[in-house]
Amino acid sequence: MGVSFDKVDGSIWLTFDIQPAAHPVAPKDRAAKLENPGFGRVFTDHMALVHYDQAKGWHGARVESRANFPLDPATAVLHYAQEIFEGLKAYKRDDGGINLFRPDANARRFKNSADRMAMAPLPEAVFIEAVEQLVRIDRDWIPGGEGSLYLRPFMIASEIFLGVKPSAEYIFAVIASPVGSYFKRGPAPVSIWVSENYTRAAVGGTGAVKCGGNYAASLRAQAEAIDHGCDQVVFLDALERRYIEELGGMNVFFVFDDGSLATPPLGTILPGITRDSIIALAKESGTTVREEPYTLAQWRADAASGKLKEAFACGTAAVISPIGKVCSASGDFVINGGEAGKVAMGLRKQLVDIQYGRAPDTHGWVRNVG
């Protein structure tokens, strides 16, 4: 069956052809997988696909059984890393309905990432429709409680050639993975390692883009953090090696004794949707929020003096992670006695309650998909 929606670029109508999986996971087996899905290890029955080439534009929109991609050894993504992705979640409400949280923001960021990576821009309506169609057909995979369905839209360069140029062909796809609560025992404070040998991004680079290369470049630093007994790594700016930028996959906030919040400015860091939501909620409550540079030396001094009361990281997967300890080659320091702070946990509850439909959505962030 086909599912139509409005014109997406003024001239092309897309119809998603829905092809249910011939052999979906049996309900009993699915229930067993949902008991403890972990994160990113269990996948649903279907995927959404749309193809692009310069002659046809975006075409072939469909939802079908999840399967491997057949890739020629000369497929462009394997050699030149033209690849971008997003991450968002579907949440089951208490009444059995399903919410998406700010998928329009993901669609815009995906389009911006494509532009920076010289890839074909995907119409935002196509992005959202693909996500919604996959959620509807795989709704039985959404865990209850604090679980959710993690959605991974991505695009790869699929032209077969060797030569440094933008691809003329692309595959856009969405896959889904049921996930449990990110924290098994609640949002415990994490320890982070300050990377002084590796940087994540520079001005004019791809720091604001959600592309696989950024994450690949962070893995060595993350391994260094683990070697030092830390949970995560935080990067400094590439120019002066003084200013806090972001963690390997999360934005960071600082809470001060006057009640204000600060977070590194955009430019070389990812414009996180959770980050943006926290800023909006904090400002709505009357809290002063500054987007400004903050040095490692300031962080250490403010933690020692008591001026800094809390620090936390934020992102789609964990929502908010309190930071309890900061480690570096020049010495360690503890924040808030190594405990989770009231501000971080209060903001986390506000966000989660909106996402699951337990609190009113006054910002128009929630999209009901059934």
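Just so you know, these numbers come straight off a predicted model, no measurement behind them.
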Participant: Applying side chain to side chain donor-acceptor pair (under 3.5 Å), which residue pairs with at least one partner in residues 147-161 are found, sequence neighbours left out?
Facilitator: Tyr150-Arg152, Glu159-Lys165

Participant: Which salt bridge (charged side-chain N to carboxylate O under 4.0 Å, His left out) pairs, counting each pair once, include a residue from residues 245-263, with sequence neighbours left out?
Facilitator: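 Output for this query lists Arg200-Glu246.
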
Participant: List the atom pairs, with distances to 0.1 Å, where a side-chain N or O of residues 206-216 and a protein N or O form a donor-acceptor pair under 3.5 Å, not counting sequence neighbours.
Facilitator:
{"from": "Thr206", "atom 1": "OG1", "to": "Asn214", "atom 2": "OD1", "distance (Å)": "2.8"}
{"from": "Lys210", "atom 1": "NZ", "to": "Tyr215", "atom 2": "OH", "distance (Å)": "2.8"}
{"from": "Asn214", "atom 1": "ND2", "to": "Thr206", "atom 2": "O", "distance (Å)": "2.6"}
{"from": "Asn214", "atom 1": "ND2", "to": "Val209", "atom 2": "O", "distance (Å)": "2.7"}

Participant: Which residues, ordered by chain and number, are linked to Ile269 in its hydrophobic cluster, where ILVMFWY side chains connect at heavy-atom gaps below 4.5 Å, directly or through other members?
Facilitator: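 Same cluster as Ile269: Leu266.
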
Participant: Give every residue pair that meets the salt bridge (charged side-chain N to carboxylate O under 4.0 Å, His left out) criterion with at least one member in residues 353-368, sequence neighbours excluded.
Facilitator: Glu132-Arg367, Glu146-Arg358, Lys349-Asp353, Asp353-Arg358

Participant: Sorted by first residue and then second, give each salt bridge (charged side-chain N to carboxylate O under 4.0 Å, His left out) pair with at least one member in residues 212-230; sequence neighbours left out.
Facilitator: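 Checked against salt bridge (charged side-chain N to carboxylate O under 4.0 Å, His left out) - neighbours excluded - no pair reaches residues 212-230.
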
Participant: Applying side chain to side chain contact (heavy atoms under 4.5 Å, CB included), can you list everything that pairs with Arg108, at least two apart in sequence or on another chain?
Facilitator: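 With neighbours one apart ignored, the set is Asp104, Ala105, Glu124.
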
Participant: Taking only residues two or more places apart in sequence or in another chain, which ones pass ring pair (Phe, Tyr, Trp, His ring centres under 6.0 Å) with Tyr91?
Facilitator: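 Expected list: Tyr356.
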
Participant: For Ile226, what are the other residues in its hydrophobic cluster, where any two members join if their side-chain heavy atoms are less than 4.5 angstrom apart?
Facilitator: none

Participant: Among residues at least two apart in sequence or on other chains, which ones pass side chain to side chain contact (heavy atoms under 4.5 Å, CB included) with Pro121?
Facilitator: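 Applying side chain to side chain contact (heavy atoms under 4.5 Å, CB included) to Pro121 gives Lys111.
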
Participant: Provide the full list of salt bridge (charged side-chain N to carboxylate O under 4.0 Å, His left out) pairs with a residue in residues 268-280, sequence neighbours left out, each pair given once.
Facilitator: Arg102-Asp276, Arg275-Glu291

Participant: What residues, two or more places apart in sequence or in another chain, satisfy salt bridge (Lys or Arg N to Asp or Glu O under 4.0 Å) together with Arg41?
Facilitator: none

